[in-house]
Amino acid sequence: TVRQGTPTIVGRAILFPEGSAHLSDDAQVQLQEAAVLLAGKPNKVAVRGHTSRKPLPYGSRYHSDWELAFARSNHAAEYLVSLGIERERIELDVVGASEPVYRGANHALLQENSRVEVFLLDRFVEQSGRRGD
């Protein structure tokens, strides 16, 4: 095990349009709801960015699905920080297209793969000190 910590999802998946890392009004509301559940706890928070397996659009500002997934998780994390969640509690996880929730041919369901998930971990800020301390 590289990282210990059982993840518990907070809220529901925050969906993004294909090829975009823009936080919609709905995404902001979902993050506001998650922030209420995260506030005041000492637990670490993982913000995990996902993409679909669809190729990025021509001329995309992102060079790979990893870069797009990072931008999504980073924007979500920065928004959580603006809502009062302590930066040192947050870690970014980027999985790109490697963890789809749907693998079929239904276009509407495929869009659910373009998402960010917020997890509350059973690790605490105090446990994540530097090695050698």
Side-chain angles (χ1 to χ4, degrees):
T1 302
V2 175
R3 287 187 182 157
Q4 295 185 358
T6 304
T8 302
I9 195 160
V10 177
R12 61 188 197 272
I14 296 148
L15 301 180
F16 289 81
E18 284 288 338
S20 173
H22 173 73
L23 288 174
S24 67
D25 291 343
D26 186 50
Q28 290 179 18
V29 168
Q30 290 177 58
L31 287 168
Q32 290 165 11
E33 292 169 358
V36 169
L37 299 171
L38 298 169
K41 295 180 175 58
N43 300 68
K44 294 288 280 183
V45 175
V47 180
R48 183 174 295 162
H50 300 264
T51 63
S52 72
R53 294 185 177 193
K54 186 176 180 179
L56 294 172
Y58 177 78
S60 172
R61 67 185 289 184
Y62 306 105
H63 297 106
S64 70
D65 65 322
W66 295 97
E67 192 175 317
L68 173 58
F70 173 78
R72 288 175 174 168
S73 59
N74 189 49
H75 289 156
E78 289 295 339
Y79 192 68
L80 287 172
V81 169
S82 77
L83 296 171
I85 303 304
E86 300 85 355
R87 184 176 298 277
E88 63 270 10
R89 291 180 54 203
I90 298 175
E91 56 187 48
L92 302 183
D93 293 337
V94 176
V95 295
S98 65
E99 294 181 358
V101 292
Y102 180 74
R103 296 177 192 261
N106 182 312
H107 181 69
L109 293 176
L110 280 170
Q111 290 180 321
E112 293 180 16
N113 292 329
S114 296
R115 69 195 190 282
V116 161
E117 296 167 319
V118 178
F119 294 97
L120 187 67
L121 301 175
D122 66 357
R123 290 188 294 118
F124 304 98
V125 173
E126 297 80 31
Q127 294 177 347
S128 60
R130 294 174 298 200
R131 297 177 196 256
D133 286 349

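A quick note: this is a predicted structure, and the numbers were derived from the prediction, not measured.
- Note: the hydrophobic cluster containing V36 does not contain V81 (ILVMFWY, side chain heavy atoms under 4.5 Å, direct or indirect links).
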> Hey, mind stepping through D65 and L68 against side-chain contact (heavy atoms from CB on, under 4.5 Å) and telling me if it holds?
Replying inline: CA-CA 5 Å; D65 65 322; L68 173 58; 5.5 Å; no
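- We find the CZ-OG distance between R53 and S114 to be 12.0 Å, quoted to the nearest 0.5 Å.
- Residues F16 and V29 do not share a hydrophobic cluster, defined by chaining ILVMFWY side chains whose heavy atoms lie under 4.5 Å apart.
- In terms of heavy-atom proximity, Y62 sits nearest to A21 at OH-CB, 3.4 Å.
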> Taking it one step at a time, do L121 and E91 satisfy side-chain contact (heavy atoms from CB on, under 4.5 Å)?
Replying inline: CA-CA 10 Å; L121 301 175; E91 56 187 48; 3.6 Å; yes
>> Run V45 and F119 through side-chain contact (heavy atoms from CB on, under 4.5 Å) and show every step you take.
In response: CA-CA 6 Å; V45 175; F119 294 97; over 6 Å; no
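- L92 and L31 fall within the same hydrophobic cluster, defined by Ile, Leu, Val, Met, Phe, Trp and Tyr side-chain heavy atoms under 4.5 Å apart, directly or through other members.
- Judged by distance alone, with hydrogens and angles left aside, the side-chain atoms of S73 form a donor-acceptor pair with the main-chain N or O of A69 at under 3.5 Å.
- The structure places CZ of R72 at 12.0 Å from CD of E67, a figure rounded to the nearest 0.5 Å.
- Atom CD of E78 sits about 10.5 Å away from atom CG of L23, to the nearest 0.5 Å.
- With salt bridges taken as basic N to acidic carboxylate O contacts below 4.0 Å, none links E88 and K44.
- Atoms CD1 and CG, from I14 and D26 in turn, are 9.0 Å apart once rounded to the nearest 0.5 Å.
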> Given the rule in the side-chain contact (heavy atoms from CB on, under 4.5 Å) test, do E112 and Y102 qualify, once you have shown the distances and angles that lead to the verdict?
Replying inline: CA-CA 7 Å; E112 293 180 16; Y102 180 74; 5.6 Å; no
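- Scanning all heavy atoms of the two residues, the minimum distance from V94 to F70 falls at CG2-CA, 3.7 Å.
- A donor-acceptor pair shorter than 3.5 Å cannot be found between the side chains of Q111 and S52.
- Counting non-hydrogen atoms of other residues, nucleotides and ligands closer than 6.0 Å to CZ of R61 gives a total of 12 or fewer.
- In this structure, the side chains of R12 and E117 stay at 4.5 Å or more apart for every pair of heavy atoms.
- When every heavy atom of L110 is checked against every heavy atom of G104, the shortest pair comes out as CD2-O, 3.5 Å.
- Between atom CZ of residue F124 and atom CG of residue N43 there is a gap of 4.5 Å, rounded to the nearest 0.5 Å.
- Of the possible donor and acceptor atoms, one in the side chain of R115 sits under 3.5 Å from a partner among the backbone N and O of N113.
- Here the OG-NE2 distance, from S20 to H75, works out to 9.0 Å after rounding to the nearest 0.5 Å.
- Here the side chains of L120 and K41 are in contact, with some heavy-atom distance below 4.5 Å.
- Linking Ile, Leu, Val, Met, Phe, Trp and Tyr residues whenever their side-chain heavy atoms come within less than 4.5 Å leaves L15 and L109 in two separate clusters.
- R48 is listed as a side-chain neighbour of V95, based on a closest heavy-atom distance under 4.5 Å.
- The minimum heavy-atom distance linking V47 with A76 is given by the pair CG1-CB, 3.9 Å.
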